[in-house]
Amino acid sequence: MSKKKKTPTNGENKSLIQVIIKTHNDTKGGHPHIIVDNVDNKHVSVGLSTKPKKGKNSPNYKLEKSPLNDGKQSFMRRQGTVAPKSEYSGKRNGSLTPKDYAQAKIYGEKAKQKYLDRKKGKKK
């Protein structure tokens, strides 16, 4: 007996991209991050939020669908993070729409490039 995934009739779930979500532990206890890439012994990730802004003037990117499949409106922080793998815990699976995934890759790539540029600068 094969198990079929339940999909909405409008085909909404057809092309979702599977992602790994881990909690990035910080001073406030941590919050979920989508792991976008790895560099050295570190994860490149983008933070998730339920708030449309961080602070007064920093708008978060509105996701089409919550990657945690919890039905809540989710937002993605616009600045990626490069941190040691030891700072992450609790692996979960999630899914993003292709548009949201492409945006996460852009933020992740910027953070990775910034990290690599900084690292290069130290070696000189």
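FYI, side chains are in, hydrogens and waters are out, and symmetry mates aren't considered; it's all heavy atoms of this structure. Heads up: numbering here begins at 1 and tracks the sequence.
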Item to check | Test log, rule side chain to side chain contact (heavy atoms under 4.5 Å, CB included), inputs Lys99 and Gln103 | outcome: CA-CA 6 Å; Lys99 180 183 170 199; Gln103 196 61 47; over 6 Å; no

Next on the checklist: Val36 vs Glu109, test: side chain to side chain contact (heavy atoms under 4.5 Å, CB included). Steps then yes/no.
Outcome noted: CA-CA 9 Å; Val36 186; Glu109 206 49 49; over 6 Å; no

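When all heavy atoms of Asp100 and Lys65 are compared, the pair lying nearest together is OD2-N, 3.8 Å. The minimum heavy-atom distance between Ser74 and Ser66, with the atom names listed, is OG-OG, 3.3 Å. Closest non-hydrogen pair, Ile34 versus Pro67, comes out as CD1-CG, 4.4 Å. Of all heavy-atom pairs spanning Pro32 and Arg92, the tightest one is CB-NH2, 3.8 Å. In terms of heavy-atom proximity, Asn69 sits nearest to Ser95 at OD1-OG, 3.7 Å.
Tracing side-chain contacts under 4.5 Å through hydrophobic residues (I, L, V, M, F, W, Y), one never reaches Ile35 starting from Ile21; they form parts of separate clusters. Cluster annotation: Ile17 and Leu63 are assigned to the same hydrophobic cluster (Ile/Leu/Val/Met/Phe/Trp/Tyr, side-chain heavy-atom contacts under 4.5 Å, transitive). Under the 4.5 Å side-chain heavy-atom criterion for ILVMFWY residues, no single connected hydrophobic cluster contains both Val19 and Val44. The hydrophobic clustering, which links ILVMFWY residues whose side-chain heavy atoms are closer than 4.5 Å, places Met76 and Leu68 together. Neither Ile20 nor Leu96 shares a network with the other; the hydrophobic side chains, linked directly or stepwise wherever heavy atoms of I, L, V, M, F, W or Y lie under 4.5 Å apart, form separate groups for each.
For the salt bridge (charged side-chain N to carboxylate O under 4.0 Å, His left out) test, no residue two or more places apart in sequence or in another chain qualifies with Asp26.
A side-chain N or O of Thr97 and one of Glu64 form a donor-acceptor pair less than 3.5 Å apart.
Here the straight-line distance linking atom OG of Ser58 with atom CD of Gln79 works out to 9.0 Å at 0.5 Å rounding. Separation of atoms NZ (Lys53) and CG (Asn60) is listed at 10.0 Å; rounding is to 0.5 Å.
Of the residues Lys22, His24, His33, the one that meets the side-chain hydrogen bond (donor to acceptor under 3.5 Å, both in side chains) test with Glu87 is His24.
Looking only at distances, a side-chain donor or acceptor of Ser49 sits under 3.5 Å from a matching main-chain atom of Lys51.
By the neighbour-count criterion of 12 heavy atoms within 6.0 Å, atom NZ of Lys42 is densely surrounded, having more than that number from other residues, nucleotides or ligands. Surrounding NZ of Lys85 are more than 12 heavy atoms belonging to other residues, nucleotides or ligands, all under 6.0 Å away. The 12-atom threshold is exceeded at CD of Gln73, counting heavy atoms of other residues, nucleotides or ligands nearer than 6.0 Å. Atom NZ of Lys112 has more than 12 heavy atoms from other residues, nucleotides or ligands within 6.0 Å.
Two residues are said to be in side-chain contact when any heavy atoms from C-beta on lie closer than 4.5 Å; Gln113 and Arg118 fail this criterion. Counting heavy atoms from C-beta outward, Asp40 and Lys119 have side chains that approach closer than 4.5 Å.
Sequence neighbours left out, the pairs with a member in residues 42-84 that pass ring-ring contact (aromatic ring centres under 6.0 Å, His included) are His43-Tyr88.
Between Asp37 and Lys105 there is no salt bridge, since no side-chain N of the basic residue sits under 4.0 Å from a carboxylate O of the acidic one.
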